[in-house]
Protein chains: 2
Amino acid sequence: MIENKNCIIRLSHYKSALNRFKSLGFIKIFSDYLADAAGVSSAQVRKDFSLFGIAGNKRGGYQIDALLEQLNVILGKNQIQNVILVGAGHMGAALLRYKNFEKEGIRIVCAFDIDPAKCTTKQEIPVLPLSELEKYVAEQAVRIAIICVPAIAAQATLDMLVKAGVKGVLNFAPIQLKAPEDCSLSYVNVETELENLIYKVNARERSDMITREKAALQD
Amino acid sequence: MIENKNCIIRLSHYKSALNRFKSLGFIKIFSDYLADAAGVSSAQVRKDFSLFGIAGNKRGGYQIDALLEQLNVILGKNQIQNVILVGAGHMGAALLRYKNFEKEGIRIVCAFDIDPAKCTTKQEIPVLPLSELEKYVAEQAVRIAIICVPAIAAQATLDMLVKAGVKGVLNFAPIQLKAPEDCSLSYVNVETELENLIYKVNARERSDMITREKAALQD
DNA sequence: TAGATTGTTAATCGATTAACAATC
DNA sequence: TAGATTGTTAATCGATTAACAATC
């Protein structure tokens, strides 16, 4: 893989911005406008595209439809991606009901939980006992999973998923996990994000206060 | 601010790893072990600490309690941080019921929604009409907010929050937002994370296939 | 053509890592 | 003391940005 770590995430942002431009009736777009909508520089946009051999027209910008087509191929949107979810607690249940995945070609096909009370086959997406996970993953050739179990159970869950053959895991549990090289791991950690925000806000308040104090001293 | 962008996120990870070590009965820890638990290098750990003037004992490592104390001060854990949430849909409701925030000193004090049917003062965390947001933020001096509204409404929501005086926003809506300089913005984007994982898994499969083809050609 | 935008190279910037002197 | 670990400096690595030639 040549391209850099953040590039794919940006391609994903370009795609969603392009969909918005398209729905507003735009046919073509310049790197400048797309950059603005995605919150990056126009050089970044052109660089990202050139990494993937996406070409525009000098002086004419990019055709939105053609661009979307190419991004969809890169991001694997040409076929629906089946995903499973482990842990049907508050967060897991919210993701099961989240409607935006489907329009992005991502489908949560099944959930698993260790608690029999949470298991059901009576809703749109079934929740099965954890004991059936390995068989399901093997039979359905599932490659992507989402972990929504408590931190204490997260590593064991990951181990089980890896053993079953899962190759990519998105972990919502607030703990760093260890996976073998052939399984990718991403994190969503809301606590950490909030802590980071709180730090920034506090740091700015402190520096504002110092600025004010200096100003007061000059008077 | 001297320190780098990812440093605070790592401090947050160190903190949670240290809490686990502590609960296992450890008193002291070396940068090596902490690094391993947080998934980074030991040089990174020592560098991060030195940026904040956190010192250990040469040859003796770090006292876990003292370390946690210092990290808590840096991360603003010495006082409870009040946070509001806008948009009480699936994701918003899941966050309202999420119990891990409290033990991190983060408290969602109130939620807001434009839909009167979602509003209630009969549960632990009230859900008020959006029209009361500005008054509430001003009166309670809220500085941090979480946006869980649909993408289409996210920018207007952010504008409203900024106008009311919020200084840091965590956005769950899948769209890039624009905020003035004095308001920090972070994102949680589950679709993007999944797309990134799918890309990596597909890329690895492709490169494995090429490897196998080459091997087959050599036979 | 003149003007504007792409595509790419080289420069810059920032973050991570390696290495090792200081020292407990 | 000898050995091991910290704290820090310098080297490396990678990502972003600036700049501009190519060209539509």
Side-chain angles (χ1 to χ4, degrees), chain A residues 1-14 17-18 21 26-68 70-71 74 176 187 192 196 199-200 203, chain B residues 1-14 17-18 21 26-68 70-71 74 176 187 192 196 199-200 203:
Chain A
M1 285 181 262
I2 336 130
E3 59 281 346
N4 93 40
K5 255 173 52 185
N6 309 321
C7 185
I8 300 297
I9 299 235
R10 283 194 301 265
L11 292 189
S12 179
H13 292 158
Y14 300 153
L18 285 167
F21 279 111
F26 286 83
I27 302 293
K28 299 194 303 180
I29 191 156
F30 297 135
S31 58
D32 232 20
Y33 293 101
L34 183 53
D36 193 56
V40 301
S41 70
S42 67
Q44 183 78 269
V45 170
R46 296 197 302 274
K47 179 95 192 197
D48 287 340
F49 286 176
S50 89
L51 279 173
F52 284 91
I54 296 176
N57 308 315
K58 290 212 158 100
R59 178 124 177 67
Y62 302 83
Q63 296 285 330
I64 289 178
D65 276 331
L67 198 44
L68 275 170
Q70 292 177 85
L71 290 175
I74 293 165
Q176 302 298 304
Y187 295 85
T192 300
N196 195 25
Y199 175 81
K200 284 199 231 171
Chain B
M1 285 182 260
I2 339 130
E3 59 281 345
N4 90 41
K5 255 174 52 185
N6 309 320
C7 185
I8 300 297
I9 299 234
R10 282 194 301 265
L11 292 188
S12 178
H13 292 157
Y14 300 153
L18 285 167
F21 278 111
F26 286 83
I27 302 294
K28 298 193 305 181
I29 191 156
F30 297 134
S31 59
D32 232 20
Y33 293 99
L34 184 54
D36 193 57
V40 301
S41 70
S42 68
Q44 183 78 268
V45 170
R46 297 198 300 275
K47 181 93 191 199
D48 286 341
F49 286 176
S50 89
L51 279 174
F52 285 92
I54 296 176
N57 308 314
K58 290 210 158 105
R59 179 128 175 62
Y62 302 82
Q63 296 285 330
I64 290 178
D65 276 332
L67 198 43
L68 275 170
Q70 292 177 85
L71 290 175
I74 293 164
Q176 302 298 303
Y187 295 86
T192 299
N196 195 24
Y199 175 82
K200 284 200 230 171

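Chain identifiers are assigned alphabetically (A, B, ...) following the order of the sequence lines, protein sequences preceding nucleic acid strands; residue numbering begins at 1 within each chain.
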>> Using the ring centroid of each side chain, check whether Tyr62(B) and Phe49(B) are separated by less than 6.0 Å.
In response: yes

> So, is Asn4(B) near the phosphate of dT16(C), with a side-chain N or O under 4.0 Å from OP1 or OP2?
Replying inline: yes

> Is the phosphate of dG14(D), meaning OP1 or OP2, less than 4.0 Å from a side-chain N or O of Asn6(A)?
Replying inline: no

>> Mind checking if Gly56(A) touches a base, just sugar-phosphate, or nothing, with heavy atoms under 4.0 Å?
In response: sugar-phosphate

>> When you compare the side chain of Val40(B) with that of Asp48(B), does any pair of heavy atoms fall below 4.5 Å?
In response: no

> Nearest-Å distance, CG (Asn57(B)) to C1' (dG3(D))?
Replying inline: 16 Å

> Would a 4.5 Å heavy-atom cut-off, applied to side chains only, mark Gln63(B) and Ile27(B) as touching?
Replying inline: yes

> Separation of Ile29(B) atom CD1 from dT5(D) atom P, in whole Å?
Replying inline: 13 Å

> Taking atom P of dT6(C) as reference, at what distance in whole Å does atom CZ of Phe49(A) sit?
Replying inline: 10 Å

> Whole-Å distance between dT6(D) P and Lys58(B) NZ?
Replying inline: 10 Å

>> Once rounded to the nearest 0.5 Å, what's the spacing between atom CG of Asn6(A) and atom NE2 of His13(A)?
In response: 10.0 Å

>> Just the rounded figure in Å: distance from P of dC24(D) to CZ of Phe30(A).
In response: 15 Å

> If only atom types and distance count, is the side chain of Asn57(A) paired as donor or acceptor with the main-chain N or O of Arg59(A) below 3.5 Å?
Replying inline: no

> Nearest of dT9(D), dT6(C), dC20(C) to any side-chain atom of Arg46(B)?
Replying inline: dC20(C)

>> Side chains of Asp32(B) and Asp36(B), heavy atoms from C-beta outward: is any pair under 4.5 Å?
In response: no

> If you find the nucleotide of DNA chain D closest to Lys47(A) and the one closest to Ser50(B), which residue's nucleotide is nearer the 5' end?
Replying inline: Ser50(B)

>> Under 4.0 Å from OP1 or OP2 of dT17(D): is there any side-chain N or O of Ser41(A) that close?
In response: yes

> What nucleic acid atoms does Ser42(B) come within less than 4.0 Å of, heavy atoms only: base, sugar-phosphate, or nothing?
Replying inline: nothing

> Quick one: Lys5(A) NZ to dG14(C) P, roughly how many Å, whole number?
Replying inline: 17 Å

> More 5' along DNA chain D: Arg59(B) or Tyr62(B), using each one's nearest nucleotide?
Replying inline: Arg59(B)

> Heavy atoms, side chains only, cut-off 4.5 Å: are Leu11(A) and Phe52(A) in contact?
Replying inline: yes

> Just how far, in rounded Å, is P of dG7(C) from CD1 of Ile54(A)?
Replying inline: 10 Å

>> Any side-chain N or O of Gln44(A) below 4.0 angstrom from OP1/OP2 of dA15(D)?
In response: no

>> In this structure, how many angstroms lie between the C1' atom of dT6(D) and the CD atom of Gln63(B), rounded?
In response: 14 Å

>> Looking only at the side chain of Ala43(B) (C-beta and beyond, no hydrogens), which of the listed nucleotides dT23(C), dT17(D), dT17(C) gets closest?
In response: dT17(C)

> Just wondering, do Arg46(A) and Ser42(A) contact through their side chains at under 4.5 Å, heavy atoms?
Replying inline: yes

>> For DNA chain C, please output the secondary structure as dot-bracket, reading 5' to 3'. Pairs are Watson-Crick or G-U wobble, both atom distances under 3.5 Å; mark crossing pairs with [ ], other-strand partners with |, unpaired with a dot.
In response: ..||||||||||||||||||||||

